[in-house]
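Residue indices begin at 1 and follow the sequence shown.
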Amino acid sequence: MFTLTEVASLNDIQPTYRILKPWWDVFMDYLAVVMLMVAIFAGTMQLTKDQVVCLPFLESGEKCGTRGGGSNAFTEPGDMTSPTPTGVSQLTPAFDGKRIVGQPQPTGVKTNLDFQQYVFVNQMCYHVALPWYSKYFPYLALIHTIVLMVSSNFWFKYPKTSSKIEHFVSILGKCFESPWTTKALSETACEDSEENKQRLTGATSLPKHVSTSSDEGSPSPTTPMLAKTGIKFSAEKPVVEVPGMTILDKKDGEQAKALFEKVRKFRAHVEDSAFIYKLYVAQTVIKTCKFILILGYTSNFVATIHFEHICEPDVKHLTGYSQFCCTHNMAFMLKKLLISYIALICVYGLVCLYTLFWLFRRPLKEYSFEKVREESSFSDIPDVKNDFAFLLHMVDQYDQLYSKRFGVFLSEVSENKLREISLNHEWTYEKLRQHVTRNTQDKLELHLFMLSGVPDVVFDLTDLEILKLELIPEARLTAKISQMINLQELHLYHCPAKVEQTAFSFLRDHLRCLHVKFTDVGEIPSWVYLLRNLRELYLVGNLNSENNKMIGLESLRDLRHLKTLHLKSNLTKIPTNITDLSPHLTKLVVHNDGTKLLVLNSLKKMMNLAELELHNCELERIPHAIFSLTNLQELDLKSNNIRTIEEVISFQHLKRLTCLKLWHNKIISIPLSISHVKNLESLYFSHNKLESLPPPLFNLQKLRYLDVSHNTIAAIPLEIGFLQNLQHFAITGNKVEVLPKQLFKCTKLKTLFLGQNCISTIPEKICQLAQLTQLELKGNCLDRLPSQLGQCRLLRRTCLIVEDHLFDTLPLEAKEMINQESNVPFANGI
């Protein structure tokens, strides 16, 4: 027999699991305990008092429960002539004189059975005459109750569910008690109260039936452009500064961060299946079937429990009687207990049916935080599904506050706020000041890399001119950016920054240069296309028009003041959207990273283009579309596969073309028609395969910059002396052996690069280059330097690139002249 303590342990669930026990489960547990007590009480009573008492039927044929046929049923006390059954010895009283010694003479019918025979018959009839249900009802009730109790808590014990449930309860408890939950909800309450005050203040004149609250996503009447374009900005409400609000310490902040990570991982783990839900449904169905089974067969046996029973054991040869009338002394009590048990089972079954109704009436595999989103600023709490949703539905039956507080840790807005608080603790104004530097253009610059957000104190750096944000996925530009009145250049490297409307208005009016680096075109913030005062836009990332329907760059036509567009991508054609910018775009740069640029016809429409760069586009010839750009001043075709440039004669129609860069290609020769492009001032042919320079090249009288370095040129033509305006000449890395004297007729030369050739002597006429400021001679076959080099009064040692031992061959006077400091600034080019 089980003790009550041992059986009660089957229902011993950890106290923390109470949040997953809805009222019906709790009620069924209590019903199970009551049924258990009924079963144990019935079993105890049966073990201690259950028995039958039997009397034999007399041969006269009296029925059980009668007195043997009226007055003949009993004899007078002195009558000793009652019939005696066969085979039974007659009991004869003993006499002692006049007084009878022994027991008092019995009244009624004498059976002549001794005590042992009564005990024997009682035991026999207990098993023969008594129905089996009367004997085993307490044990069956105990077994049924234990099965029901096990079924109720099976989902807490099953290995595939218990681990998830335990993890869920642990996380839920920590989220409920986390100081960050309290702070986040408190801030929400404060924000709502502040907003309500503002709404009520601004709506006192409205009728009562008119709602004073506005839709969160409704466009502001002051920004019709935004409403027209459909661009949405950050939906986050500004954080209301609450005086006296407790600030999280570092430990609480770290614990909250860990909780966010745990919730994220747990969600990914449980949302892929609905096993807990299915198991709970299965155990409820089992309990319902069990209830029907118990009720079905138990109700049939209630009528079999009687007080009186007729027993016919095969013991006539021992007792002399073949039929006995028996009474079951526990019949009344067992019947009452059985009826009570059936009543409890009925109530239990009704609760099971209600549970099934709850399980199938609503979609428990989906859980929406819609109500929480309406009541708080956490509008981004995602809906959950499958086992996660079912567990939250179960928690709601206990207390909906748990789910509301848990939702804080599902919200990215909440997580971002936590990161923002931690970030602002770490990045103080003094620390940020230490990271501000001056770039080569003497502008104040701040570069923030891989932070969880943008610290608030950044917007207090009012003298900052360039702000670079790199790998900050949760960057948010608040209204405080309007304090940065000197900010003109912004860099967003893999940083899809969100902006508030006030911040956007400031950027729209003040930002002049924007750099955006991204992986996919969809990462470009939508507000970029509305910066109407933007002058320069640099886009670096995947803009392939075929895969992304390019320049899904929603439209660049709103960038009315854009002058420079820089695209570093893998385009196969010039996007047609760029032609929207044709009236005002003056510079276009396309760096294609090795993808062949096939279609350039749209270039013809960009008539105002002054500078065009097509780098690494796998071009094999100069595109014909370029010859239509009548306002073109500079053309750069660096790092292509151009082998021949016979089309260069067409450049004579581009009257404004002054700079032509064909460097880093595979050009073998320069056509004679180059002389027709008379307005050229700068010509770059470095890093090609030129073997010679054609004489007509030197008919370009306006040429000031000529770079033919890193080719295989063996000689400098004598016609170079015709270039009287030449200021920069570079022929480094060729096979030149002799410097013609005509070279030194170019008296305006300021920079001369002759390094890495086969030159053996430097003519003395180098002193004619009076304006020479930079000279490279390193890597030649020189034995000495001419002493006349000291007459180049603007040349200084730092700008004379030559081996030290050659410099030492100069006379002392020449070395002193070159070593002395000069007040003339160094000119590295024109």
Requested in this report: Look at the side chain of N640 and the backbone N and O of E618, then say whether any donor-acceptor pair between them is shorter than 3.5 Å.
Outcome: yes
Query raised in the report: Is the backbone of N570 close enough, under 3.5 Å, to the side chain of D593 for a donor and an acceptor to pair up by distance?
Result: no
Query - Between N819 and R797, a side-chain donor and acceptor under 3.5 Å - result: no
Query raised in the report: Do I667 and L690 have side-chain heavy atoms sitting under 4.5 Å apart?
Result: yes
Query raised in the report: If you round to the nearest 0.5 Å, how far is CG of L775 from CD1 of I818?
Result: 9.0 Å
Query raised in the report: Distance only, no hydrogens: is a donor on one side chain within 3.5 Å (strictly under) of an acceptor on the other, for N608 and H584?
Result: no
Query raised in the report: Judged by atom type as modelled, is there a donor-acceptor pair below 3.5 Å linking the side chain of T595 to the main-chain atoms of T572?
Result: no
Report summary line: Taken to the nearest 0.5 Å, the spacing of I716 CD1 from F729 CZ works out to 4.5 Å
Query raised in the report: With side chains defined as the heavy atoms from C-beta onward, is the minimum distance between E613 and K587 less than 4.5 Å?
Result: yes
Report task. Could you tell me whether a side-chain N or O of R704 sits under 3.5 Å from a main-chain N or O of K702, the two making a donor and an acceptor? Result -> no
**Report entry** Closest approach of N780 to G755 (non-hydrogen atoms, all atoms of both residues)
**Finding:** ND2-CA, 3.7 Å
**Report entry** Polar side-chain atom of N757 near backbone of K735 as donor-acceptor pair, under 3.5 Å
**Finding:** yes
Query raised in the report: Parallel, tilted or perpendicular for H591 and H566, by the 30°/60° rule?
Result: tilted
Report task. Grab the two heavy atoms, one from F753 and one from T751, that are nearest each other, plus how far apart they are. Result -> CE1-CB, 4.0 Å
Requested in this report: Taking all heavy atoms of L629 and all of L654, pick out the closest pair and write down the distance.
Outcome: O-CD2, 3.2 Å
Query - Electrostatic pair K661:E634 at N-O distance under 4.0 angstrom - result: yes
Query raised in the report: So do L739 and P763 actually touch side chain to side chain, heavy atoms under 4.5 Å?
Result: yes
**Report entry** Greater than 12 external heavy atoms within 6.0 Å of E764's CD
**Finding:** no
Query - Whether Q652 side chain and I649 backbone form a donor-acceptor pair below 3.5 Å - result: yes
Query raised in the report: Can you tell which of L511, D509, L562 makes a side chain to side chain contact (heavy atoms under 4.5 Å, CB included) with R532?
Result: D509
Query raised in the report: In terms of ring plane angle, is the pair F506 and H510 parallel, tilted or perpendicular, where the classes change at 30° and 60°?
Result: parallel
Query - Side chains of Q483 and D460, donor plus acceptor under 3.5 Å - result: yes
Query - Heavy-atom closest pair, residues N725 and Q701 - result: ND2-O, 2.9 Å
Query - Test item: R796 side-chain N/O and R793 main-chain N/O as donor-acceptor pair under 3.5 Å - result: yes
Query raised in the report: Do H447 and E470 have side-chain atoms, one donor and one acceptor, less than 3.5 Å apart?
Result: yes
Report task. Establish, from distance only, whether the side-chain atoms of S686 and H710 form a donor-acceptor pair under 3.5 Å. Result -> no
